[in-house]
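Notes follow the structure.
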Amino acid sequence: MTAKAKPITPEDAIDPSKALVPSVQKVNEVRVKAGFWPKIGRVAARIPFANQAVSVYYAARDPETPMAAKGIMLGALAYFVMPIDAIPDVLAGIGFTDDAAVITAVIATLGANIRKRHREAAEKALDRLRDS
């Protein structure tokens with residue numbers, strides 16, 4: 001980062017208009033890499049969209065997924081892992097509704113990039129998490 005570079009805020013990281021800015025995409029990639037599995041491991045049993053979130057994760061990590069789709073997927077996953085969001089995850093019953101809406105919107109928009117192999121890998125990963 002240069003001396004004149006503006007730091008990337010959490011709002012930048014989840015702003016769809018900035019999802020494809022290389023610096024924002026890199027920050028999102030780092031956030032997702034560090035935070036996705038720990039968070040999904042903690043909450044998978046409590047959220048009905050765990051399979052979809054993990055499918056998006058595998059699609060975002062796939063070299064065959066187009067860069068534009070990856071950028072948007074990483075933005076959605078960064079929103080999921082960030083502790084600060086529109087509805088705090090600690091609120092019982094409603095805490096993950098915003099996360100579910102973001103993941104659902106990504107799937108509705110970019111679902112063609114989420115292949116059968118991503119869904120199968122997600123199912124296997126969640127089975128391993130549940131068995132451990």
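Side-chain atoms are counted along with the backbone in the values below, which use heavy atoms only and exclude waters and symmetry mates. Count residues from 1 along the sequence. Keep in mind it's a predicted model, so treat the numbers as computed, not measured.
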Non-neighbouring partners of Ala121 that pass side-chain contact (heavy atoms from CB on, under 4.5 Å), sequence neighbours left out | Tyr58
Can you sort out the partners of Val102 under side-chain contact (heavy atoms from CB on, under 4.5 Å), two or more places apart, ordered by chain and number?
-> Ala76, Tyr79
How far does [atom1] of [X] sit from [atom2] of [Y], to the nearest 0.5 angstrom?
X: Glu29; Y: Lys70; atom1: CD; atom2: NZ; value: 7.5 Å
X: Lys124; Y: Leu129; atom1: NZ; atom2: CG; value: 15.0 Å
X: Leu74; Y: Lys26; atom1: CG; atom2: NZ; value: 10.0 Å
X: Tyr57; Y: Phe80; atom1: OH; atom2: CZ; value: 12.5 Å
X: Ile47; Y: Ile40; atom1: CD1; atom2: CD1; value: 4.0 Å

For [X] and [Y], work out which heavy atoms get closest and say how close.
X: Ile114; Y: Ile107; answer: CD1-CG1, 3.8 Å
X: Ala78; Y: Asn28; answer: CB-OD1, 3.4 Å
X: Leu126; Y: Ala44; answer: CD2-CB, 4.0 Å
X: Lys39; Y: Phe96; answer: CE-CE2, 3.9 Å
X: Ala53; Y: Phe36; answer: O-CZ, 3.8 Å

For side-chain contact (heavy atoms from CB on, under 4.5 Å), just list the numbers for Trp37 and Val54, CA-CA rounded to whole Å, side-chain angles, deciding distance to a tenth of an Å, and then say yes or no.
-> CA-CA 9 Å; Trp37 287 111; Val54 178; 3.7 Å; yes
Salt bridge flag under 4.0 Å for residues Arg128 and Asp131 = no
Contacts of Glu123 meeting salt bridge (Lys or Arg N to Asp or Glu O under 4.0 Å) (sequence neighbours excluded), chain-then-number -> none
Only counting residues at least two apart or in another chain, list the ones meeting side-chain hydrogen bond (donor to acceptor under 3.5 Å, both in side chains) with Arg115.
-> none
So, do Thr109 and Ile72 sit near enough that their side-chain heavy atoms are less than 4.5 Å apart?
-> no
Check: Ile103 and Leu77 side chains under 4.5 Å, non-hydrogen atoms = yes
Could you list the donor-acceptor pairs under 3.5 angstrom formed by side chains in residues 59-66, with sequence neighbours left out?
| residue | atom | partner | partner atom | Å |
| --- | --- | --- | --- | --- |
| Asp62 | OD1 | Glu64 | N | 2.8 |
| Asp62 | OD2 | Arg117 | NE | 3.2 |
| Asp62 | OD2 | Arg117 | NH2 | 2.7 |
| Asp62 | OD2 | His118 | NE2 | 2.7 |
| Glu64 | OE1 | Arg117 | NH2 | 3.2 |
| Thr65 | OG1 | Ala59 | O | 2.6 |

So the salt bridge (Lys or Arg N to Asp or Glu O under 4.0 Å) pairs with at least one residue in residues 104-114 (sequence neighbours excluded) are none
